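These notes concern the structure reproduced below.
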Amino acid sequence: MSDLRHSPIMASVDFDVDGVQHGFLKLPYSRDDAAWGAIMIPVTVVRNGEGPTALLTGGNHGDEYEGPIALFDLATSLPADEITGRVIIVPAMNYPAFRVGRRTSPIDNGNMNRVFPGRPDGSVTEKIADYFQRFLLPLADMVLDIHSGGKTLDFLPFAAAHILPDKAQQARCVAAMEAFAAPYSVMLLEIDNVGMYDTAAEDLGKTFVSTELGGGGSASARTVAIARRGIRNVLKHAGILAGEIEREPSVKLNMPDASCFVTGESSGLLELCADLGDRVREGQVIARVHNVERSGLVPVEYCAGIDGILAGRHYPGLTQPGDVLAVVAVPET
Ligand code: CA
């Protein structure tokens, strides 16, 4: 029987040593082009004495770029003497996926945000998840996981917290989300939360913040700036970085139930009838899907299920049944 305490991943950095260390989470991966090869996941640890630990991640999905840009950058620009405690930076969590610009891993098709708690004797993606679950998350007080929409979704730039059974923990998460100071702050309803990193961190009692900062498979100057400022704000909020939090007005949004999601039931050419940030009314046509197999057919129309603003949308021009076409969130009054 395999030792379930053991992880095949070895960190080349020592998480308990002061200073700045750049290294790797090294995961052996034997394959055709490297018989004794390994996946080398970049990691930076910055530590200065006793204090809180922040675990900062991007690239949980490999086609989301604000997190990796801002975190590779932070790794070059965070001197140990500017902090109190410890910052662990993993710019691209699902590194194999990140290297090929895909949401999921090219090795095992693993979706990092659906395989938690992972397995030490599982697939490559499960082994990475297991390492976070049993070795990195337990070190952390504050966990920030930076997402964007990837190639298939686009979002208003928002930071998010979840409704949690432990209201004291939820309040900690909301305070950290507010410190991130994205233009929008969302109490997020997850439609598919089994196996999520978010849930793993929250179940361990961590203060957890995630984001959706844009999408479409690239990053903009604006959304990268939001990520950079938000990361530093969260570190200040945690007491790790000194200085004032750079507050910006943030619109609070709620997602009360599944009526926030508009799911397509037809394939074809997508016409969104509202843009991100636009006000929409319940019953208003929010998307039309044009048949592409022949002319002369009227498009299938989809209506908003709730009053609110368009907070997310399907990004590619073509769509298929089951795609989330639109996400409507409700501004807090
Ligand atoms: Ca994502």
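In listed order, ligands and their atoms are each counted from 1. Positions are given from 1 along the sequence. Bear in mind that the values here come from a model prediction, so they are computed numbers and not experimental data. Keep in mind that the numbers below use all heavy atoms, side chains included, and drop hydrogens, waters and symmetry copies.
For His61, the N/O/S atom at the shortest distance from the Ca ion (ligand 1) is named ND1. Among the heteroatoms counted here (N, O or S) of Glu64, OE2 is the one nearest to the Ca ion (ligand 1). Within His147, the N, O or S atom at minimum distance from the Ca ion (ligand 1) carries the name ND1.
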Show which side-chain atoms of residues 323-333 pair as donor or acceptor with protein atoms under 3.5 Å away, not counting sequence neighbours.
unit_1, atom_1, unit_2, atom_2, d
Asp323, OD2, Thr319, OG1, 2.9
Asp323, OD2, Gln320, N, 2.9
Glu332, OE2, Asn254, ND2, 3.1

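If you look at Phe155 and Phe158, their ring centroids are closer than 6.0 Å.
Taken to the nearest 0.5 Å, the CZ atom of Arg232 stands 12.5 Å off from the CD1 atom of Ile240.
Counting all heavy atoms, side chain and backbone alike, Ala129 lies closest to Gly118 at CB-CA, 3.9 Å.
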